[in-house]
Amino acid sequence: MKAVKKVFRKSRILKSPAFGCLKDVPTINVTRGCLHRCAYCYARTFPETPSYGVELYENLPAKLQEELKGLRRRGRMPAVVTFSTASDLFQPHPEVLKITYSCLKILLEEGVGVSFLTKGRLSKEFWELFSYYSESVRARFGLVSFSLTYHRLFEPRTANPYLRLRQMERASLLGLKPAVRIDPVIPGITDRPEEVFKLLRQVKTAGVEEVSVSYLVLRPGVIRQLQKELPPKTFLSIMKAYQGMPWSRVITSATTKLARRDWREKGYRIFRQIAEELGLKIHICGCKNPDFPFENCSPWDLSSRKRKEWRPGILFETLPGQKKEEAGHKPSSVPLSGWRSFL
Ligand code: SF4
């Protein structure tokens with residue numbers, strides 16, 4: 001069976017979710033399914049998600065260009081677009097990365113801001129692209145723990161946590177304002193104070209200023225997945241935090257279970273206290289904690305979502321060794337090597 005099956009995308013690409021901080025921000029998923037296959041991933045449980053490998057929308061760049069052209073004509077160009085609500089844009093496959101690269105480049109060249117959430121590895125072509133458009137890119141990294149046991153059990157196909165840390169440093173140096181999404185916190189496993197301190201201290205040292213946190217939210221399919229993929233002792237210890245909790249509506253699903261409120265309150269208190277001591281801004285994810293006061297973790301200040309009122313910053317082309325302000329008002333041009341080096 002092939003890891004990547006190319007398919008033709010017929011439906012509209014730029015759709016806006018109708019919830020939380022992504023409300024009205026168009027999102028793009030480059031694939032259906034995700035090669036990272038994290039044990040807790042809810043997107044794996046969707047009926048349309050392939051059980052093996054991913055479906056890659058090979059016509060995505062052409063379709064994106066076409067949609068943007070139409071939106072521009074109607075004066076409805078989006079200010080920002082976000083990647084990766086149900087798949088990672090930096091999956092370890094050259095064909096996936098090629099499509100991701102093309103889509104990012106199209107958006108950035110059109111002056112559209114781009115944010116993404118990843119647990120993957122960014123290759124040099126992407127860093128090069130982002131260095132040209134740093135004002136228009138917001139990088140968010142998913143990271144829950146530096147424990148290599150956790151990594152092996154829960155997200156073994158993602159980039160190693162220490163590589164992600166290096167990537168945060170690089171993103172910070174480029175001015176991409178990296179933030180960290182600590183989701184899902186696994187009750188009893190990644191919420192011990194010493195673990196939380198290590199995580200927050202390391203990300204702060206890497207130049208991160210902001211984190212958002214949420215405990216694991218269960219759905220029936222996620223419970224089955226965890227039961228199948230984790231050692232029985234680990235699985236049972238996680239379930240203790242959900243004992244007695246009813247099925248409830250979280251985001252778009254009516255069959256979800258939140259961790260017990262007392263458990264989350266205690267855990268979030270630990271996160272908040274340590275984050276504040278370290279000078280990190282922290283949000284408790286409002287979408288996944290509907291019983292807590294809503295906190296927005298959007299990387300953009302979109303208090304006014306009208307494009308004409310949003311300023312992505314002026315982009316300049318700089319030469320090696322030249323400062324941006326010396327470069328004049330020449331718009332950024334296409335980065336050098338492009339996708340070919342993925343192959
Ligand atoms: S990286 Fe994200 S989308 Fe991909 S499998 Fe893991 S949780 Fe799911």
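For ligands, and for the atoms within them, numbers begin at 1 and follow the listed sequence.
Near atom 6 (Fe) of ligand 1, less than 2.8 Å away, sit the protein N, O or S atoms Cys38 SG.
A salt bridge links Glu265 to Arg261: at least one charged side-chain nitrogen sits closer than 4.0 Å to a carboxylate oxygen. Taking 4.0 Å as the cut-off between side-chain N and carboxylate O, Arg166 and Glu169 count as a salt-bridged pair.
Ring pair Phe90/Phe126 is perpendicular by interplanar angle, where above 60° counts as perpendicular and below 30° as parallel.
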Given Glu155 and Arg164, is the salt bridge (Lys or Arg N to Asp or Glu O under 4.0 Å) satisfied, shown in steps? CA-CA 13 Å; Glu155 43 191 53; Arg164 282 183 250 172; 2.9 Å; yes
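The protein heavy-atom contact nearest to atom 3 (S) of ligand 1 is Ser87 CA, 3.5 Å.
Note: Ile99 CD1 to Leu56 CG = 5.0 Å, rounded to the nearest 0.5 Å. Here the straight-line distance linking atom CG of Leu165 with atom CG of Leu143 works out to 7.5 Å at 0.5 Å rounding.
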